[in-house]
Amino acid sequence: MSELISELDAGGMHAPVEPVDASHGILLYLEGVSVTFDGFKAIDNLSLYVADGELRCVIGPNGAGKTTMMDIITGKTKPDAGRVFFGQTIDLLQLDEPAIARIGIGRKFQKPTVIEPLTVLENLELAMSGAKRLRGLLTTRLAGAERDRIAAVLERVGLTAQAGRLAGILAHGQKQWLEIGMLLMQEPRLLLVDEPVAGMTPAEMERTAELLKSLAGEHSVVVVEHDMGFVRSIADKVTVLHQGRVLAEGALEDLQADPRVIEVYLGDGHAAG
Amino acid sequence: MTDIKLKIFPWLLAGTLTLGVSLAHAADTIKVGVLHSLSGTMAISETTLKDTVLMLIDAQNKKGGLLGKKLEAVVVDPASNWPLFAEKARELLQKDKVAAVFGCWTSVSRKSVLPVFEELNGILFYPVQYEGEESSKNVFYTGAAPNQQAIPAVDYLMKDLEVKRWVLAGTDYVYPRTTNKILEAYLKAKGVKAEDILINYTPFGHSDWQSIVAEIKKFGSAGKKTAVVSTINGDANVPFYKELGNQGVSAKDIPVVAFSVGEEELSGIDTKPLVGHLAAWNYFMSVKDKANDAFIKDWHAFIKNDKRVTNDPMEAHYIGFNMWVKAVEKAKTTDSDKVIAAMIGIEAPNLTGGVAKMLPNHHITKPVYIGEIQADGQFDVVWKTKGLVEGDAWSDFLPGSKDIIADWADPKIKCGNYNTVAKTCSGQNYK
Amino acid sequence: MLTCPLVRAGFLTLVFAMALLAVPTPARAADDAVARALLAQLREADFSDKARLVEQLAALEHPRIATILKALADSRLYYQEAENRAVIGLDDAPTIAIEDAVGGAALGQAGKRDLEKITANNRLRNLIENRLASLGLASADPGQRRAAVQAFLKNPDPAGTERLRARLAVEPDAGIKALLALALALADLASPEAAARAQAATALGGRLQPELRGPLSRAAAEDPDPAVREAARTALTRTEFRLQLLGWAETLFFGLSLGSVLILAAIGLAVTFGVMGVINMAHGELMMLGAYTTWLTQQWLPVNWSLPVAVPLAFLVAALAGIAIERGVIRFLYGRPLETLLATFGVSLILQQAVRSIFSPLNRSVATPDWMSGTIALGPLEVTLNRLIIIGFCIAVFALLWLALQRTRLGLEVRAVTQNRAMAQAMGVRSARVDALTFGLGSGIAGVAGVALSQLTNVGPNLGQSYIVDSFMVVVFGGVGNLWGTLVAGLSLGVANKLLEPWSGAVLAKILVLVFLVLFIQKRPRGLFPQRGRAAEA
Amino acid sequence: MRVPSWLRSDRAGLALLAVLAALALVVPALNLLVAADHPLHLSAYTVTLLGKYLCYALLAVSVDLVWGYMGILSLGHAAFFALGGYCFGMYLMRQIGARGVYGDPVLPDFMVFLNWTELPWYWLGFDQFWFAALMVLAAPGLLAFVFGWFAFRSRVSGVYLSIITQALTYALMLAFFRNEMGFGGNNGLTDFKDALGFPLHADSTRIVLFLLSALALAGGYLACRWLVSTRLGRVLVAIRDAEPRARFLGYRVERVKTLVFAFSAMLAGLAGALYVPQVGIINPGEFAPLNSIEAVIWVAVGGRGTLVGAVVGAVLVNYAKTWLTGALPEVWLFALGGLFVAVTLLLPRGLVGLLRRRGATA
């Protein structure tokens with residue numbers, strides 16, 4: 001039992017001791033990854049590299065494998081083939097979700113997932129890195145430094161005024177920001193953000209774009225998004241997924257001229273733009 | 001949020017008080033407790049006994065009551081839940097202050113209430129055949145002890161049907177275990193070899209009997225007359241007999257003698273495959289006797305359904321109730337100690353033309369009948385003991401209890417668990 | 001090899017009908033008096049005297065003897081004290097129609113408690129069956145002759161041996177001839193000559209009839225001649241070997257049969273739980289409703305016809321109850337499976353108590369139709385007809401359900417709603433109606449399962465409870481949302497249980513299966529045949 | 001004594017503790033000091049009944065901890081309750097010593113009766129109170145730990161978990177019914193005489209047991225209340241409402257679940273251990289699946305995720321049961337069944353939820 005308690009904090013099954021080594025400028029490697037569900041190839045020999053500090057947008061029609069790709073990176077789904085590395089040394093396929101979260105990969109879900117019966121403050125406290133040891137959990141108070149960190153994140157996501165409110169009664173956009181704030185509390189190197197602006201007003205969208213842009217550099221950010229306007233407003237580099245593969249990669253303007261991309265989007269009934 | 005406190009606190013306290021405060025009431029009735037499950041798995045058997053007691057009380061009141069007072073039934077439902085039996089027994093004795101309790105069916109329910117009756121010095125009439133190995137100052141056992149059911153039945157099979165091979169099949173609980181142990185010892189004493197005895201236990205409500213019946217069939221094809229002695233309980237019987245019938249095991253090939261299948265159980269069974277199988281009881285509805293005819297008539301009138309059957313535990317309550325009435329009349333009080341003292345030696349007619357007598361070990365004398373199941377769900381008596389058999393609390397065929405006797409009359413013993421060798425009395429909670 | 005009671009009863013009726021025709025009338029008055037005297041004695045006699053009296057009666061050349069003996073064996077022979085005569089009861093009720101035993105004249109009605117039954121016991125019945133059977137040996141109907149020989153095999157009677165030998169000489173039917181030879185060999189086992197006994201023992205070797213093993217093993221142990229003992233032992237070994245093989249086949253059948261019961265109990269749940277994701281704890285009580293419907297049908301219809309009628313009725317009753325539960329409770333709780341579980345558990349308690357209040361807590365007696373009683377031979381393996389029919393029934397129910405889900409409009413809509421509720425609604429599927437109908441379908445199947453269960457176990461308020469845990473286990477083991485999984489899971493659990501049972505006993509077998517299931521679910525949380533993919537992860 | 005902040009804000013909890021304290025004062029006084037024929041006298045029956053309610057309430061609190069806060073609907077919590085009960089029952093059996101029916105100094109009566117000649121190994125040590133007391137917590141805790149570890153690690157959740165917890169208690173029930181198991185089969189353990197030398201049927205012992213039950217309930221409540229107000233409590237809520245989120249935040253969800261599940265099982269075991277000497281019997285019927293489900297409905301009636309609600313629900317439902325099985329026995333199952341349906345449909349937050357103005361910050 002004591003081993004278990006101490007392990008509450010340990011990295012995971014095969015916890016890497018070394019820090020993330022992004023010395024080659026690349027933070028995330030996906031190479032030749034495939035996964036099949038009941039004969040359906042959700043991801044088919046996908047290779048993708050995310051640079052350190054980069055803000056990457058991933059687009060693609062429904063069923064292109066965007067969410068599955070995120071599942072693989074965060075350890076929710078194990079691929080049938082391929083390699084997934086975080087930096088030079090950390091094999092993500094050897095780790096489970098909590099371990100991946102702890103080495104610095106944060107994930108925001110498509111549907112905003114905050115803990116509704118808790119206050120905004122408590123949500124952020126929950127996400128705080130370094131508080132996941134059992135002894136740390138069995139306390140009812142916040143240390144001063146912790147308070148400062150939370151205040152900083154609150155400020156950053158613009159929820160300072162809402163700190164004491166229940167997350168469940170926040171507006172939709174605020175929930176999205178709170179979730180991003182929770183990711184920030186984890187102090188991640190890589191943020192995976194799934195459809196951050198779905199259902200947002202234009203004003204909220206604008207703020208979100210600013211927030212995400214401000215995160216790049218300090219963190220690597222991968223954004224999966226449908227809204228082309230939003231993608232245009234934030235992205236330097238865009239990856240188009242189709243049928244589980246990378247169809248094209250590059251600047252958005254180039255891609256919009258790419259006949260393959262146009263066909264995929266038009267053929268699928270989506271308008272690009 | 002403060003209002004919760006305000007709302008709940010007096011509420012709880014009030015609940016506590018109403019629960020505990022027993023209203024003082026005028027002693028113009030004598031209360032009789034009825035402690036039979038009316039819900040849960042045992043309701044199937046026990047509900048009838050509740051009605052029987054109500055009928056007996058009703059009849060007694062029509063005769064003018066007891067000691068000039070009316071009898072009043074206090075019915076509670078222990079819901080086939082054994083700890084609840086103890087709780088309800090305590091409620092009857094402590095809160096309702098009943099003069100006597102008629103109740104319990106399973107051994108575990110009796111074991112559960114036993115300490116309560118001994119502590120509060122109540123009187124319990126227990127109407128069901130059971131495994132013996134017990135005699136409490138506060139309990140009167142009006143059902144059969146093993147020597148009043150199992151042993152005569154085996155004697156009958158051995159002598160009249162020349163059975164040589166024995167299957168002892170039972171549900172895995174204390175009554176079948178004891179009965180089978182006694183029978184095993186008895187059969188071995190009669191020269192039956194170990195390989196000619198097959199013992200099998202199944203769980204409560206066992207429903208898939210295919211393998212076991214096949215085994216019995218195989219066991220029975222060894223060339224010696226084979227019989228099954230069944231202590232299978234309640235619900236498991238229907239699928240058991242159905243499987244026997246379906247696998248072509250008829251009563252003519254391998255008769256089954258059951259100790260837990262009576263008229264009431266048969267009323268829920270398609271009796272066709274059972275015809276010819278046997279049961280051993282101290283009473284059958286089909287026995288021709290004036291008292292029995294009258295009892296059946298009263299029962300049908302009381303329950304307003306002339307299709308309802310009567311059975312052995314009902315007779316036991318009939319006897320027990322009448323004995324209690326006589327003992328109270330003799331003691332001229334319902335005080336437990338005096339009634340308990342007066343009980344021993346009391347005689348009351350049974351429903352088959354004989355007279356039951358309360359023995360010093362708190363068991364009674366009974367005739368033993370073997371009946372064959374008929375297509376109409378009744379039994380035809382094919383054999384009966386010559387006279388009445390005295391109930392024996394402690395079996396002579398068990399090593400642990402052959403030296404033990406119960407005698408609540410002999411002032412030198414006054415104990416339900418007296419070792420005649422060591423001359424000591426053990427296992428008594430309250431002296 | 002049909003040995004069901006129907007055949008036997010028919011055979012006996014035929015025997016006495018023939019006896020009626022065969023005997024001329026003149027000697028009747030004298031015989032009547034003798035018969036009446038014997039019957040009067042029969043009333044007073046104890047069982048050993050009764051046996052003697054039955055022999056005497058059987059020896060009488062009287063047309064009513066077969067009828068009287070049969071009535072005695074069936075416990076329908078009474079003595080009417082008021083009139084001082086033996087009578088035969090014609091039906092079974094508190095007041096019964098009677099006829100004069102010897103004269104055969106109808107005597108109207110009499111109260112049962114005014115008649116004294118002339119009791120028979122099993123030995124007496126055996127004797128009577130033998131005496132009646134030996135009359136059937138000369139019958140024109142091969143079935144009758146076969147039954148007569150089989151009766152002899154069951155109760156070898158030295159007095160009948162010569163008649164058998166005579167019959168063997170003229171018997172045209174090869175099958176009956178073989179059976180006759182067997183019967184004679186059995187009789188020869190008691191022959192005074194050692195050689196004849198040894199030959200008989202060898203002839204009996206390898207035969208599977210249980211009646212033969214007894215005498216053979218007795219000969220192997222007790223025969224005074226060592227050669228005979230040796231022959232009997234060899235013969236017995238052959239029998240044992242074949243029995244061993246048969247034992248395995250039998251266990252497999254038992255397993256399949258238990259499995260089919262599990263499938264029947266679980267398959268309705270596979271629809272409501274698997275397809276709809278609704279936890280219906282009242283599932284067992286819906287089976288109970290089906291079983292009670294069977295009982296009610298039997299109150300109105302003859303037993304032999306009741307089951308075919310009960311199946312659709314039970315489906316209807318349970319389906320309506322199911323739809324009521326869905327409309328009244330479950331539809332408010334979609335997406336809250338744990339609450340559904342609690343609410344339906346409440347419904348199950350209410351249904352139980354309702355049945356208890358309406359039908360009394362006592363079990364109800366559901367009769368088994370003749371066509372479901374007895375055994376049938378599949379090669380050398382004798383299997384019980386009711387189990388076999390239930391296996392077939394289970395397959396039929398499964399096939400129908402599968403077809404219903406694959407081929408009907410409702411099935412299509414059900415699958416559509418299962419896969420994507422919003423999309424199906426957009427396509428014009430009225431999902432509320434589909435929910436209700438699907439739940440009705442699953443519940444109806446539970447009701448149908450109840451009909452099958454009424455043939456195996458108690459019909460009482462507790463019927464449902466005993467199957468609910470098992471059925472959930474089957475569905476979960478098979479993989480939720482997969483009918484084939486339910487089929488495989490039910491069968492394999494049934495067989496596993498039966499394989500374990502002889503080794504570990506019934507209780508431990510059940511515990512072991514449960515423990516295995518708990519461990520299995522830890523290993524494969526989605527069962528044998530999981531639904532994979534993103535939909536399943538949600 | 002300073003009341004810690006997490007308790008200060010819990011008005012309902014403070015009310016509960018006040019009620020318990022009041023009961024602890026009033027009940028012994030009314031039982032021991034008031035004359036038996038006085039209308040205010042509390043009979044031993046009532047004291048035991050109240051003690052039983054308190055044990056049930058503790059069981060309900062343990063169910064609420066895992067269901068209300070962690071979202072695990074355990075339909076097998078009565079198994080832990082019964083295991084705790086059996087552990088203490090075994091101690092009480094050993095205390096009988098030579099006073100049994102057959103007078104064997106070591107073996108309990110049912111073993112003598114089954115012709116066992118020596119005590120099975122798993123009965124060793126139970127003659128020591130400290131060992132039994134330890135096992136009361138350890139046996140259910142260990143079972144829950146092992147079970148939870150396997151189940152939670154393979155992400156068995158939701159209804160699947162509910163169903164296998166039910167299978168667990170069902171299998172245990174079948175096992176304990178077996179006489180070969182050495183726990184007395186269907187009859188279970190009964191005929192207890194004394195504990196630590198105090199005769200169980202004495203009024204004073206009953207009062208002490210009642211006080212211990214009240215103390216255990218108060219302690220169990222405080223422990224749970226403290227636990228849910230720590231950060232761990234927030235993790236529990238996160239696991240309940242958004243398990244993937246908790247996992248992607250880096251929490252080892254299965255470990256948290258396992259530990260809390262085991263803790264809850266220990267509370268249930270403690271409740272069972274206090275229950276057994278008061279009702280005087282423990283038998284395999286306590287493992288019946290219905291019992292576990294009933295415990296869940298107590299929580300649902302009172303209001304899940306509130307802890308106080310669990311206590312209120314347990315006491316109210318059991319009080320109704322006591323009253324109804326006496327007054328209208330046939331109606332009891334209708335009432336219980338109706339309660340299940342009504343509470344889930346109409347009162348999803350239970351009585352306490354109804355009383356509260358806003359949802360629990362939980």
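In what follows, chains are A, B, ... by sequence order, proteins preceding strands, each numbered from 1. These numbers come from a predicted model, not from an experiment.
Note that the CG atom of A:N123 and the CZ atom of D:R245 stand 9.5 Å from one another [nearest 0.5 Å]. Between the CZ atom of D:F248 and the NZ atom of A:K76 there is a distance of 6.0 Å, given to the nearest 0.5 Å. In this structure, A:R102 CZ and D:L249 CG are separated by 10.5 Å, a value rounded to the nearest 0.5 Å. Atom CZ in D:R252 sits 4.0 Å away from atom CG in A:D96 (nearest 0.5 Å).
For the set A:E116, A:M182, A:E179, the entry with the most heavy-atom pairs within less than 4.5 Å of chain D is A:E179.
Counting only distance, with no hydrogens or angles, the side chain of D:R247 and the backbone of A:E97 share no donor-acceptor pair below 3.5 Å.
Looking at D:R231 and A:L126, their side chains never come closer than 4.5 Å, going by heavy atoms from C-beta outward. The side-chain heavy atoms of D:P244 and A:T113, taken from C-beta on, include no pair separated by under 4.5 Å.
Environment of CZ in D:F131: crowded, with over 12 heavy atoms of neighbouring residues, nucleotides or ligands closer than 6.0 Å.
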